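Ligands are counted one by one from 1 in listed order, and the atoms in each one are counted from 1 as well. Here the structure is a predicted model, which means the values were calculated and not measured.
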Amino acid sequence: MKKIAVLLLVAVAMMIPAFASGSGESSGPVVLTLSEVHAEGYPTTLADYEFARLVEERTEGRIKIDVYSGGTLYGEETGSIEALQIGDLAFARVSASPVASYVPALNVIQLPYLYRDGDHMWQVLNGPVGQDMLNEIEASGSGLVGLCYYDAGARNFYTTKPVGSVADMAGLKIRLQNNPMMVEMVQLLGGNGVTGIGPNDVYSAIQQGTIDGAENNWPTYESMGDYQVAPYFVLDGHTRVPEILLASKAVLDTLDPADVEIIKECAKETQAYEIEQWALREESSEAKVTSEGVIVTELTPEQLQEFQDRMAPLYAKYGAGYEDLITEIQNTGL
Ligand code: BDP
């Protein structure tokens, strides 16, 4: 009888995050959860495990992080972000795109055609602008803490029929991340943005004809299998949206501040590892999908310019109040 009562108490305690993560008297490790939409082996998932490994090692086993990959906990990143806000979840590796709904300043670092290339983006993110943005996540009162950025390359449109110019985008239903700026981006190109579909459900939405395509980087396009149903990939490179490893402020507040520092340090250390894994996967994913029949469209400088020109209203609307910051970003590395 006594044993059952104790077991019940433990079970109840584990359902309350603050209780489970309190330092208190208990001798066992604090077990925290990390949500990831990508599959095992994907660069961000590898980085999640590396983060978990480092944290367990540096806290000498006081903190253990369980990684749930493949969107098994939250299929949509918006769900995981909201769980972080209320302390139902400790960590989520998400794209910066949906986070902008909670921390609007983040739209500035993902405006279309903001960066010349990946190196430019990393100079910005690893410089004062990127670090200020991470601090802004915590300072905004969103209940979120931005731990570090990861690479996610450039995003491109992929569709069930060829797109070689802005005119070809007319009327296409394109799945987007949950971010109103991205919906407007597609509208400005003449298409219709569709949100509310998790990345693991894009394949079936295309297959069923709910949407005509989506947009993403090579590894996601390959990993989710979307290339099999939307084989036209146009190299328009409209955005570079970094990934962010987020923590729940409510959960971090229950931990020993020294352990929170260790967590922040470990996250930063995993960035280089993810970037390395990213470069490998970007290349192998591109090679895989092109060898399996994907039709890649390259745009002429004039065609690309047309995509870029359509984005001016986004700079006016989402860049309002951030004009100097945008200029600073654009001038970085010049
Ligand atoms: C991928 C990101 C992932 C996003 C996904 C999406 O790695 O975090 O959830 O795009 O489009 O590139 O939803």
Report the member of Glu77, Met224, Arg155, Glu243 with the shortest heavy-atom distance to atom 9 (O) of ligand 1.
Glu77

Residues forming a side-chain hydrogen bond (donor to acceptor under 3.5 Å, both in side chains) with Glu292, sequence neighbours excluded
Tyr227

Can you report which non-hydrogen protein atom sits closest to atom 6 (C) of ligand 1, along with the distance?
Arg175 NH1, 3.3 Å

Within-4.5 Å side-chain heavy-atom neighbours: Asn178 and Ser101:
no

Consider every N or O of Glu215 and every N or O of ligand 1, then say whether any pair is closer than 3.5 Å.
no

Charged N-O contact under 4.0 Å between Glu276 and Arg281
no

Consider only side-chain N and O atoms of Tyr318 and Glu184, and report whether a donor and an acceptor are under 3.5 Å apart.
yes

Out of curiosity, is Glu76 lining ligand 1, as in a heavy atom under 4.0 Å away?
no

Which ligand 1 atoms, with their elements, are less than 4.0 angstrom from a heavy-atom of Ser95?
8 (O)

Is the distance between the ring centroids of Tyr232 and Phe157 under 6.0 Å?
no

Looking at Asp201, Asn216, Ile197, Ile244, the heavy atom closest to atom 10 (O) of ligand 1 belongs to Asn216

Min heavy-atom dist Asn217 to ligand 1 below 4.0 Å
yes

What about Tyr42: any of its N or O atoms under 3.5 Å from an N or O on ligand 1?
no

side-chain hydrogen bond (donor to acceptor under 3.5 Å, both in side chains) involving Asp212 - partner list, sequence neighbours excluded
none

Does the gap between the ring centers of His238 and Phe307 come in under 6.0 Å?
no

Identify, by atom number and element, the atoms of ligand 1 in contact range of His38, meaning under 4.0 Å from any of its heavy atoms.
1 (C), 2 (C), 3 (C), 7 (O)

So if I count the atoms of ligand 1 from 1 in the order they appear, which ones are less than 4.0 Å from some heavy atom of Thr220?
1 (C), 12 (O)

